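In this text the structure is predicted, and so the values were computed from the model without any measurement. Residue numbering restarts at 1 for every chain, and letters A, B, ... go by the order of the sequence lines.
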Amino acid sequence: MPELPEVETIVRELARTLPGQRILQAKVFRPDVLREPPHIFCRAVAGAEIQSVNRRGKNIVLSLSPSRILVVNLGMTGRLLHLPPSHQVAPYPHRAVDFLLHSGGALLYTDSRRFGRAALFSEEEWERESERLGPEPLSPDLTVQAFHRRLTRSRAPVRSWLLDQTHLAGIGNIYACEALHRAGIHPLRKASSLALSQSGRLLRALRDVLTEALEARGTSLRDYRTATGEEGGFLTSLRVYGREGRPCVRCTTSIARIVLSNRSAFFCPRCQPETSSWRP
DNA sequence: AGTGTATCCTGCAGGC
DNA sequence: TGCCTGCAGGATACAC
């Protein structure tokens, strides 16, 4: 899916244009992306004003007035597109929900695989949901020591640990693999086996790759688009993800792929040795 | 309790 | 060309 950089890109675009706009009407084409029955959902958002657009992990969080929180998780293939007034809605495939705006524009929620979800919460409900997620990796509040403590509580492979949103919010398979390569850590390393210095390198690598990807407005492997429909530019900067059999950009060793928890993990066998600790 | 597996769903690329 | 298989950026219910 859209991971942190992709979701943040969408949120920043929407935050420039949506606040102050009123939802005239919602049209539901795919009820299975909703948590509540379509008529309840439509009644709750009709006439609501969008006050702010924020991100928590991979979730897009729209605060509505009267006070409801609309949370959209894009899953693997979801898109949230803001169309200006007089823009045709018809050409967009896989529309799940259309939000028609008072201004004449529209917010389209599309999703071919429909792994994404949109749900309404009260502020208290969303606060509780949000507390179930781990810390934001880019937050300065997250110290290396706290990150290390969390890591060492788990015997799971570090790649699996990174994908668990209750440990850290916003990391997906692409950036997990990319950060592990940058940190020189094998994806199968037990989280609990990392030394403090390695946890520090990993947190640094995560922040670096997320920040660089954000500057490029995300990675478009296939489905991801920004809120204005454009592709992200980070694909060509990936060092391991999707590069099985191609040379490592650092040491030219052939990039390997293993399957871990039903998901591919890409890594360089030389830069990310399985046993020994990282060496400069 | 923590971890791994199967599953939801569609589309596309590659092999034959 | 066309059919078949495998694979895909995520989350979660379930079994162990």
Side-chain angles (χ1 to χ4, degrees), chain A residues 1-11 29-35 55-60 71-80 92-97 109-119 129-130 132-134 137 149-181 187-193 206 209-210 212-214 216-226 230-245 257-266:
Chain A
M1 111 161 189
E3 306 180 29
L4 188 154
E6 292 77 30
V7 176
E8 180 66 21
T9 298
I10 293 167
V11 162
F29 302 97
R30 293 293 195 168
D32 52 349
V33 304
L34 299 178
R35 202 176 52 152
R55 181 188 61 76
R56 175 74 174 102
K58 302 174 190 173
N59 300 288
I60 299 165
V71 179
V72 180
N73 186 305
L74 295 173
M76 295 256 209
T77 54
R79 297 178 182 177
L80 210 47
Y92 293 89
H94 310 301
R95 274 151 60 218
V97 182
Y109 172 30
T110 75
D111 190 350
S112 66
R113 285 173 79 181
R114 302 200 303 285
F115 285 176
R117 291 292 177 266
E129 284 295 310
S130 181
R132 293 173 49 202
L133 298 173
R149 273 198 303 275
R150 284 177 167 271
L151 271 167
T152 51
R153 282 203 296 255
S154 167
R155 286 168 296 111
V158 60
R159 204 294 311 264
S160 302
W161 188 92
L162 286 169
L163 294 190
D164 188 328
Q165 301 299 295
T166 67
H167 295 145
L168 204 59
I171 307 299
N173 203 18
I174 293 181
Y175 300 112
C177 291
E178 292 297 312
L180 288 170
H181 178 256
L188 283 175
R189 267 295 286 279
K190 297 257 173 288
S192 56
S193 77
L206 281 164
V209 73
L210 293 173
E212 289 170 31
L214 188 48
R217 306 206 306 151
T219 303
S220 287
L221 276 184
R222 177 174 300 167
D223 298 290
Y224 160 69
R225 293 295 181 278
T226 75
E230 290 167 55
E231 294 189 9
F234 200 67
L235 183 64
T236 54
S237 300
L238 298 179
R239 299 181 189 176
V240 287
Y241 188 86
R243 298 190 69 249
E244 182 183 13
R257 181 177 80 95
I258 56 173
V259 176
L260 183 53
S261 316
N262 274 337
R263 319 278 305 270
S264 291
F266 299 90

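Within the 4.0 angstrom heavy-atom criterion, only backbone atoms of the sugar-phosphate kind lie near A:Asn173; the bases stay farther away. Across all strands, A:Arg257 comes closer than 4.0 Å only to sugar-phosphate atoms, never to a base (heavy-atom distances). Residue A:Tyr175 is out of contact with every strand shown, counting any heavy-atom pair closer than 4.0 Å. Nucleic acid contact for A:Asp111: none, since no nucleic acid atom lies under 4.0 Å from a heavy atom of the residue. Across all strands shown, A:Ile174 has heavy atoms under 4.0 Å from sugar-phosphate atoms exclusively, and none from any base. As judged by a 4.0 angstrom heavy-atom cut-off over every strand, A:Ser264 is placed among residues touching the sugar-phosphate backbone only. A:Pro157 comes within contact range of the sugar-phosphate backbone alone, with a heavy-atom separation under 4.0 Å but no base atom that close. Among the atoms of the strands shown, only primed sugar atoms or phosphate atoms (P, OP1, OP2) are found under 4.0 Å from some heavy atom of A:Arg155.
Comparing B:dA6 with C:dG6, their P atoms sit 14 Å apart, to the nearest whole Å. Atom name P, nucleotides B:dA1 and C:dA11: the rounded distance is 23 Å, in whole Å.
The pair A:Arg225-A:Glu230 does not meet the salt-bridge criterion, since no charged nitrogen lies less than 4.0 angstrom from a carboxylate oxygen.
The interatomic distance linking A:Asp223 (CG) with B:dC12 (P) rounds to 8 Å, in whole Å. We find that CG of A:Leu163 is positioned 9 Å from P of C:dA11, with the value rounded to whole Å. One interatomic measurement links the two molecules: CZ of A:Arg243 to P of C:dC7, which rounds to 20 Å at whole-angstrom precision. Remark: P of B:dG11 and CE of A:Met76 are 15 Å apart, rounded to the nearest angstrom. Straight-line distance from the OH atom of A:Tyr224 to the C1' atom of B:dC12: 21 Å, rounded to whole Å. Residue A:Trp161 contributes atom CH2, which lies 14 Å from atom P of B:dG4 at whole-angstrom precision. A straight line from CZ of A:Phe115 to P of C:dA8 spans 13 Å, rounded to a whole angstrom. A:Arg159 places its CZ atom 13 Å from the C1' atom of B:dT3, with the value rounded to the nearest Å.
Out of B:dT10, C:dG10, B:dA13, the shortest distance to the side chain of A:His94 is found at B:dT10. Taking only side-chain atoms of A:Ser160, from C-beta outward, the nucleotide of B:dT10, B:dG4, C:dG10 with the closest atom is B:dG4. Between B:dC9, C:dG10, B:dA6, one nucleotide has an atom nearer to the side chain of A:Asn262 than all others, and that is B:dA6. Comparing C:dA11, B:dT3, C:dA8 against the side chain of A:Ala156 picks out B:dT3 as the nearest.
Residue A:Gln165 has no polar side-chain atom (N or O) positioned under 4.0 Å from OP1 or OP2 of C:dG10. Proximity of A:Arg114 to the phosphate of B:dT10: a side-chain N or O atom is located under 4.0 Å from OP1 or OP2. In this model, the phosphate group of B:dT3 is approached by a side-chain N or O of A:Ser154 to a distance below 4.0 Å at OP1 or OP2.
For the atom pair CG (A:Leu133) and CG (A:Asp164), the distance works out to 10.0 Å, reported to the nearest 0.5 Å.
A:Thr9 and A:Arg217 are not linked by any side-chain donor-acceptor pair at a separation below 3.5 angstrom, with hydrogens and angles left out of the test. Side-chain polar atoms of A:Glu6 and A:Tyr175 form a donor-acceptor pair below 3.5 angstrom.
Between the side chain of A:Arg263 and the base of C:dA8, no donor-acceptor pair under 3.5 Å is found.
Checking side-chain atoms of A:Asp111 against main-chain N and O of A:Ala96 turns up no donor-acceptor pair under 3.5 Å. Using modelled atom types, no side-chain atom of A:Ser112 and backbone atom of A:His94 make a donor-acceptor pair closer than 3.5 Å.
In this entry B:dC9 has no Watson-Crick or G-U wobble partner, no candidate having both defining distances under 3.5 Å.
A side chain to side chain contact (heavy atoms under 4.5 Å, CB included) with A:Val7 is found for exactly one of A:Leu4, A:Ile10, A:Val11, namely A:Val11.
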